2 protein chains.
Amino acid sequence: MPTKKRTVTIQDVAKKAGVSVSTVSRVLNGKADVAGETQEKILGVISKLGYTSNLAARSMRSRRKDLLGLVVPDIGFPYSIEVMKGINRAIAESKFDLLVYTMGDVHKSGAVLHEQHYVSLLNNSLTDGVLIVASAAAEFITDAPIIAVDPHIINPRYPSVQGTNYQGALDVMNYLLNLGHQRIGFVCGRPEIASAERRLQGYKDALKEAGITIDESLIIPGDFTTKSGYISTLQLLKSNNPPTAIFAANDQAALGAFQAAEELGLRIPEDLSVVGFDNISEAKFVGLTTVDQFLSEMGYIATQMLIKMVNNEKLDVQVHKMPTRLVERTSCRALEPVH
Amino acid sequence: MPTKKRTVTIQDVAKKAGVSVSTVSRVLNGKADVAGETQEKILGVISKLGYTSNLAARSMRSRRKDLLGLVVPDIGFPYSIEVMKGINRAIAESKFDLLVYTMGDVHKSGAVLHEQHYVSLLNNSLTDGVLIVASAAAEFITDAPIIAVDPHIINPRYPSVQGTNYQGALDVMNYLLNLGHQRIGFVCGRPEIASAERRLQGYKDALKEAGITIDESLIIPGDFTTKSGYISTLQLLKSNNPPTAIFAANDQAALGAFQAAEELGLRIPEDLSVVGFDNISEAKFVGLTTVDQFLSEMGYIATQMLIKMVNNEKLDVQVHKMPTRLVERTSCRALEPVH
DNA sequence: ATCGGTAACGATACCGGTATCGTTCTCTAT
DNA sequence: ATAGAGAACGATACCGGTATCGTTACCGAT
């Protein structure tokens, strides 16, 4: 094995320039205490050697890093993508850069203590503050700036941005009920996630309010994936008394419902009405009626709140509630009254 | 201002458990040299104090971090998203975690040396290896594992994964020519990017091959955004002798062409044929004929190559060429022969 | 000539971990 | 009884930067 060339450090620069590391560090950080001539020489050496500072080393000693952390279980999900778009926008407008930490998958074996590991991993070590998206972690909070988008827990001990999931679900149900639908199927999200439960609760309460008894066979488990939406919808449609409409806990599951309908030769909305939740970018193209919870905006606002926290400014609210809006497209139709 | 609670360090754990930091470190890294009883006590203290290790400190001393870095200019772009999906998949299958570094925007003021800064920022400091997506940076390479997806330069000094941009463009042009189109507009990508130039070259060569003289007025500058596609298309369609087909350097620009056509009351494909490049997820929904360059797959393969490099295994190829494929949808039609 | 002030720079502690080596203690073999 | 081996653990150097303080040289003022 060949000898590994070491990376060039501040020591190398100092030696080559004939000055001390202190002086190089001063130049790097734009301190005033350096003679113009010396500065130019050092800058020359730096670019000649191709020196770049070691983030880890710097982070350890200096408090301010101008870097925000983001923890996402899975960056491939449309949900995560939408939120990240907003975060990205806020980052672009700020002086902060962003470090995203992901495991690629929620379920993955890891080292000892991996459970806690991945949250405050960035915390106080690399970044000035951390954004957590749709995660249960960070139960144990340190006092560092942390903010959650759509937390698993309804009332986390740190600030958060949440959508009005319950109200959104009520809106969907009232919309469908007004169209004349009585038998409405519900494809659940992951039960451990608070927002999924809130939507289910909205589904149930709206039915109660309308005086319709809840048929448990119309409520099918799911996990927010397209595949689960597909399977659940098949199950619903093949039953003896299939629903006329399906409310999926998120858009991805609703997309699965589209697939199932197509496979069974059913047209949407003629033979089946479908509503989703999230308004991911695909929804527009397939004409899916859904609830916009302004995910991108949530990410944007959360980032701005985090920046405030980092700057030691006071937050206006601990929990920012983002109102949802029903987006009517072409996946639902009114039922003719039965003669 | 209240006194800042410090984060809990390995020193705190050691003191509380009545052992040395060395022993705690051994427990953290699962070394064998610890008595079972001691280990349990330490683990107890760790979870009681909510200790999590400082990534920065750890990275500095130990070579192996089981962490890969990814540098993207803008994570909001559909292009980046597609590539990241593949990376995410490879990460999920591996023991590595991923750290994504982004500035949120390509054009952003920064500290001194920011130009170099953001590439090998992660390099040898935090991560075992770095993926670079569609960036010109890293001209100065260190010898650390680096791999580029779709590099700006055709022949970078480090391994890369690239699409067959030239061949893909030829395929598009031959497809359009076979449909009978003679006046074909081209909406350029960002000229400093190699892949954009390769596509333009394919456009020109195909025309030459077909014996059609190149009309420079049909070649409009662009920058890969939807907006630029919109503007360029308007310009093309409003000219005296508008094209019958438009080949956009990427799908986002093609989407802009759709907008422009709609605004002018032109139907696609009846009044105008459009082809894109990339096959982003939106393309399917609008029926855009495009070139699939398997971006997700490129990310996947690049990640696997990087992991090989980190493990000191030999790469099969330095440049992995990913073949493109024309995806025919409904945005083009055959021209009737002129009578 | 002595002093104080300031500009420019160097020496060193320190951040929080890991790697290396040394120390202590027990147990077994001779 | 003593040496040697091995288990369990501690002490300390070190990673590559920044923060703090100290040092030197040069200046004008008293």
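Note that the structure is a prediction, hence the values are computed from the model and not measured. Naming convention: chains lettered A, B, ... in sequence-line order (proteins, then strands); numbering from 1 in each chain.
Sequence neighbours left out, the pairs with a member in residues 295-317 of chain A that pass salt bridge (Lys or Arg N to Asp or Glu O under 4.0 Å) are A:Arg89-A:Glu297, A:Lys308-A:Asp316.
Taking atom CG on A:Asn54 and atom C1' on C:dG17, their separation rounds to 14 Å, with Å as the unit. Remark: C1' of D:dT18 and CG of A:Leu28 are 10 Å apart, rounded to the nearest angstrom. D:dG16 atom P lies 9 Å from atom CG of A:Asp12, rounded to whole Å. Atom-to-atom, CE of B:Met60 to P of D:dG16 comes out at 8 Å; the value is rounded to the nearest Å. Atom-to-atom, CD1 of A:Ile10 to C1' of D:dC14 comes out at 17 Å; the value is rounded to the nearest Å. D:dA11 atom C1' lies 13 Å from atom CD of B:Gln11, rounded to whole Å. The nearest whole Å value for the distance from the NZ atom in B:Lys41 to the P atom in D:dA8 is 14 Å. Atom CD1 of B:Ile42 and atom C1' of D:dG10 are 12 Å apart (whole Å).
Contact annotation: the side chain of A:Leu131 approaches that of A:Ile147 to within less than 4.5 Å [non-hydrogen atoms, C-beta and beyond]. A 4.5 Å side-chain heavy-atom check between B:Thr9 and B:Asn54 finds every atom pair outside the cut-off. You'll find the side chain of A:Thr303 stays beyond 4.5 Å of the side chain of A:Phe96, heavy atoms only.
Here D:dC14 is the nucleotide among D:dC14, D:dT18, D:dG16 with the atom lying nearest to any side-chain atom of B:Arg61.
Remark: side-chain polar atoms of B:Ser47 are paired, donor with acceptor, to backbone N or O of B:Gly44 under 3.5 angstrom. For A:Asp128 (side chain) and A:Asp66 (main-chain N/O), a donor-acceptor pair under 3.5 Å exists by modelled atom type.
DNA chain C lies under 4.0 Å from at least one heavy atom of each of the following residues of residues 15-25 of chain B: B:Ser22, B:Ser25.
Rounded to 10°, the angle separating the first-five-pair axis and the last-five-pair axis of the helix from C:dA1-D:dT30 to C:dT30-D:dA1 equals 70°.
A:Lys31 has a side-chain polar atom (N or O) that falls below the 4.0 Å cut-off from OP1 or OP2 of D:dA19. Side-chain nitrogen and oxygen atoms of A:Asn29 include at least one within less than 4.0 Å of the OP1 or OP2 phosphate oxygen of D:dT18.
No hydrogens or angles considered: a donor-acceptor pair under 3.5 Å links the side chains of A:Tyr101 and B:Asp97.
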What pairs of donor and acceptor atoms, side-chain ones from residues 19-28 of chain A against any protein atom, are under 3.5 angstrom apart with sequence neighbours left out?
from	atom 1	to	atom 2	distance (Å)
A:Ser20	OG	A:Ser22	N	3.4
A:Ser20	OG	A:Thr23	N	3.4
A:Ser20	OG	A:Thr23	OG1	3.3
A:Ser25	OG	A:Asn29	ND2	3.4

Show me the donor-acceptor pairs, under 3.5 Å and distance only, between side chains in residues 77-86 of chain B and residues at least two apart or in other chains.
from	atom 1	to	atom 2	distance (Å)
B:Tyr79	OH	B:Asp150	OD2	2.7
B:Ser80	OG	B:Asp74	O	2.8
B:Glu82	OE2	B:Lys85	NZ	3.4

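Applying the 6.0 Å contact sphere to NZ of B:Lys15 captures no more than 12 heavy atoms from other residues, nucleotides or ligands. Remark: A:Glu192 CD is packed, more than 12 non-hydrogen atoms of other residues, nucleotides or ligands lying under 6.0 Å away.
Two residues, B:Ala57 and B:Ala32, neighbour DNA chain D, and the one matched to the more 5' nucleotide by heavy-atom proximity is B:Ala32.
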Worked check of side chain to side chain donor-acceptor pair (under 3.5 Å) between A:Ser160 and A:Gln162: CA-CA 6 Å; A:Ser160 64; A:Gln162 312 174 203; 3.2 Å; yes
For nucleotides 21-27 of chain D, tabulate all protein N/O to nucleotide N/O atom pairs closer than 3.5 Å, reporting atom names and distance.
none

